[in-house]
Colleague: 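Attaching a single structure in structure tokens format; questions to follow.
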Amino acid sequence: MRIGITDSGVGGLSVCAAVEAGLRRKPVQADVEILYLNAALQDDYSYNAMATRQEKLEAFDCFLRNVAANYRPDRLFIACNTLSVLFEDPYFEKHHDIPIDGIVGTATAAAVSALQENSDSHIIVFATPTTIAEDTYRRRLREAGIPASRIAQQACPGLPDAISNDFTGAQASELLQQFIPAA
């Protein structure tokens with residue numbers, strides 16, 4: 001079985017590492033090949049830098065078609081919030097040749113569980129401007145019965161690039177000092 005894991009940055013590498021570690025602890029009967037497939041178009045040009053939502057959809061669609069043609073995964077997991085929320089658009093209904101899942105469902109389920117366990121807790125969704133604009137997390141949390149008063153969202157432009165490109169963490173720290181109080 002060939003499993004593709006994609007992200008538009010390097011965060012998906014930690015997902016690949018966790019999957020590999022899990023398979024080493026609990027091997028499965030079938031041979032498993034894990035592929036990390038970086039959906040970034042260029043190091044300095046992210047989906048969040050694109051001018052329109054349609055441009056993002058078309059770019060990710062092109063990436064998915066290339067993945068299917070060149071790597072032929074049996075399953076694809078989108079380990080990127082931005083791409084996961086975009087993938088929910090009906091534009092991608094034609095991509096049924098391989099099963100594709102996004103991180104939003106997994107993250108939402110974990111958040112709902114944590115919020116239900118502690119009824120006094122709140123959640124702040126720190127995410128890219130695209131993820132926040134799509135409002136997917138807030139909508140799904142509300143559908144799961146979490147009151148709007150317990151949910152906050154904060155767009156963090158530039159944070160994913162700072163995390164990916166600055167190994168010292170200084171740029172990310174500086175940005176977080178802006179985003180956390182704003183949230």
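Values reported hereafter were calculated over all heavy atoms of this structure, with side chains retained and with hydrogens, waters and symmetry mates removed.
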Colleague: Taking all heavy atoms of H122 and all of S149, pick out the closest pair and write down the distance.
Modeller: CD2-O, 3.3 Å

Colleague: With rounding to the nearest 0.5 angstrom, report the CG to CG distance, D161 to N165.
Modeller: 5.5 Å

Colleague: Step through the shown structure and confirm whether more than 12 heavy atoms of other residues, nucleotides or ligands are within 6.0 Å of CG on N118.
Modeller: yes

Colleague: Would the distance check show the side chain of D166 and the main-chain N or O of A162 forming a donor-acceptor pair, the cut-off being under 3.5 Å?
Modeller: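 No: the side chain of D166 does not pair with the backbone of A162.
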
Colleague: Pair F63, L83 - check side-chain contact (heavy atoms from CB on, under 4.5 Å), show working.
Modeller: CA-CA 11 Å; F63 170 79; L83 298 178; 5.9 Å; no

Colleague: Working to the nearest 0.5 angstrom, can you tell me the gap between D74 CG and I98 CD1?
Modeller: 8.5 Å

Colleague: For residues S121 and A114, report the shortest heavy-atom separation together with the two atoms involved.
Modeller: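 Looking at all heavy atoms of both residues, the shortest contact is OG-O, 4.0 Å.
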
Colleague: Once rounded to the nearest 0.5 Å, what's the spacing between atom CG of L76 and atom CD1 of I100?
Modeller: 5.0 Å

Colleague: Quick one, I103 and I78 - any side-chain contact, counting heavy atoms below 4.5 Å?
Modeller: no

Colleague: Do E88 and T136 touch side chain to side chain, with heavy atoms closer than 4.5 Å?
Modeller: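 Side-chain contact under 4.5 Å: yes.
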
Colleague: Treating Ile, Leu, Val, Met, Phe, Trp and Tyr as nodes and any side-chain heavy-atom pair under 4.5 angstrom as an edge, say whether V15 and I3 lie in one connected cluster.
Modeller: yes

Colleague: Mind jotting down which residue pairs meet the salt bridge (charged side-chain N to carboxylate O under 4.0 Å, His left out) criterion with at least one end in residues 141-156? Sequence neighbours excluded, please.
Modeller: R139-E143

Colleague: Considering only heavy atoms from C-beta outward, does the side chain of P73 approach that of V67 to under 4.5 Å?
Modeller: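 Yes, side chains in contact.
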
Colleague: In the structure I gave you, are the side-chain heavy atoms of V125 and Q154 within less than 4.5 Å of one another anywhere?
Modeller: no

Colleague: Using modelled atom types only, decide if a donor and an acceptor are shared between the side chain of S113 and the backbone of A110 within a distance under 3.5 Å.
Modeller: no

Colleague: Is there a chain of hydrophobic side chains (I, L, V, M, F, W, Y, each step under 4.5 Å between heavy atoms) that links I124 to I132?
Modeller: no

Colleague: Quick one: do T130 and T82 satisfy side chain to side chain donor-acceptor pair (under 3.5 Å)? Show the steps, please.
Modeller: CA-CA 6 Å; T130 299; T82 296; 5.1 Å; no

Colleague: Between S14 and G11 (side chain of the first, backbone of the second, donor and acceptor by atom type, cut-off under 3.5 Å), is there such a pair?
Modeller: yes

Colleague: Are more than 12 heavy atoms, taken from residues, nucleotides or ligands other than K26, located less than 6.0 Å from that residue's NZ atom?
Modeller: no

Colleague: Less than 4.0 Å between a side-chain N and a carboxylate O, is that true for R53 and E58?
Modeller: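 Between R53 and E58 there is no salt bridge, as every charged N stays at least 4.0 Å from the carboxylate O atoms.
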
Colleague: Atom CD of residue position E33 - does it have more than 12 heavy atoms of other residues, nucleotides or ligands inside 6.0 Å?
Modeller: yes

Colleague: Give a yes or no on whether the backbone of G169 and the side-chain of S173 come within a donor-acceptor separation of less than 3.5 Å.
Modeller: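 No.
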
Colleague: Between S164 (side chain) and P160 (backbone), is there a donor-acceptor pair under 3.5 Å?
Modeller: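 Yes, because the side chain of S164 sits within donor-acceptor range (under 3.5 Å) of the backbone of P160.
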
Colleague: Working note: D61 + K94, criterion side-chain contact (heavy atoms from CB on, under 4.5 Å); need CA distance, chi angles, decisive distance, verdict.
Modeller: CA-CA 10 Å; D61 180 50; K94 61 188 167 217; 3.2 Å; yes

Colleague: Any chance you could lay out the side-chain contact (heavy atoms from CB on, under 4.5 Å) test for V28 and L23, step after step, and finish with the verdict?
Modeller: CA-CA 7 Å; V28 294; L23 288 170; 4.1 Å; yes

Colleague: Where do Y47 and K56 come nearest, in terms of heavy atoms and distance?
Modeller: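 Smallest heavy-atom distance, with atoms named: O-CE, 3.1 Å.
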
Colleague: Looking at F126 and C156, what are the two nearest heavy atoms and their distance?
Modeller: CD2-SG, 3.7 Å

Colleague: Membership question, hydrophobic clusters at under 4.5 Å side-chain separation (ILVMFWY): are I34 and L13 in the same one?
Modeller: no

Colleague: Report the distance from atom OG1 of T128 to atom CG of L159, rounding to the nearest 0.5 Å.
Modeller: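 Here the rounded value is 10.0 Å.
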
Colleague: If you define the side chain from C-beta out and look only at heavy atoms, does anything of V85 sit under 4.5 Å from V104?
Modeller: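 Answer yes - side chains close enough.
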
Colleague: Supply the atom-to-atom distance F179 CZ to E174 CD, rounded to the nearest 0.5 angstrom.
Modeller: 10.0 Å

Colleague: Checking E20 side chain against C16 main chain: does a donor-acceptor pair fall under 3.5 Å?
Modeller: no

Colleague: May I ask you to decide if V32's main-chain N or O and R2's side chain share a donor-acceptor pair within less than 3.5 Å?
Modeller: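 Checking the backbone N and O of V32 against the side chain of R2, no donor-acceptor pair under 3.5 Å is found.
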
Colleague: Begin from the C-alpha positions of Y71 and N66 and carry the test side chain to side chain donor-acceptor pair (under 3.5 Å) through to its verdict.
Modeller: CA-CA 8 Å; Y71 298 100; N66 285 330; over 6 Å; no

Colleague: Kindly work out whether a path of hydrophobic side-chain contacts (I/L/V/M/F/W/Y, heavy atoms less than 4.5 Å apart) joins I163 to Y36.
Modeller: no

Colleague: Run the numbers on D135 and Q153 for side chain to side chain donor-acceptor pair (under 3.5 Å), then give the verdict.
Modeller: CA-CA 9 Å; D135 204 37; Q153 297 189 117; 2.9 Å; yes

Colleague: With a 4.5 Å heavy-atom cut-off, do Y137 and I151 have their side chains touching?
Modeller: no

Colleague: To the nearest 0.5 Å, what is the distance between CZ on F87 and CD on E93?
Modeller: 9.5 Å

Colleague: A side-chain contact here means heavy atoms from C-beta on lying under 4.5 Å apart; do I5 and L37 qualify?
Modeller: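 SC-SC contact between I5 and L37 ruled out.
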
Colleague: Could you pull out the closest heavy-atom pair between L86 and L57, with the gap in Å?
Modeller: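 Result for this residue pair: O-CD2, 3.8 Å.
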
Colleague: Ignoring hydrogens, what is the shortest heavy-atom contact between G102 and F77? Give both atom names and the distance.
Modeller: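 Answer, listing the atom of G102 first, then F77: O-CE1, 3.6 Å.
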
Colleague: Considering residues at least two apart in sequence or located in another chain, which fulfil the side chain to side chain donor-acceptor pair (under 3.5 Å) criterion with D7?
Modeller: none

Colleague: Side chains of T6 and N38, heavy atoms from C-beta outward: is any pair under 4.5 Å?
Modeller: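 In short, these two side chains do not touch, never coming nearer than 4.5 Å.
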
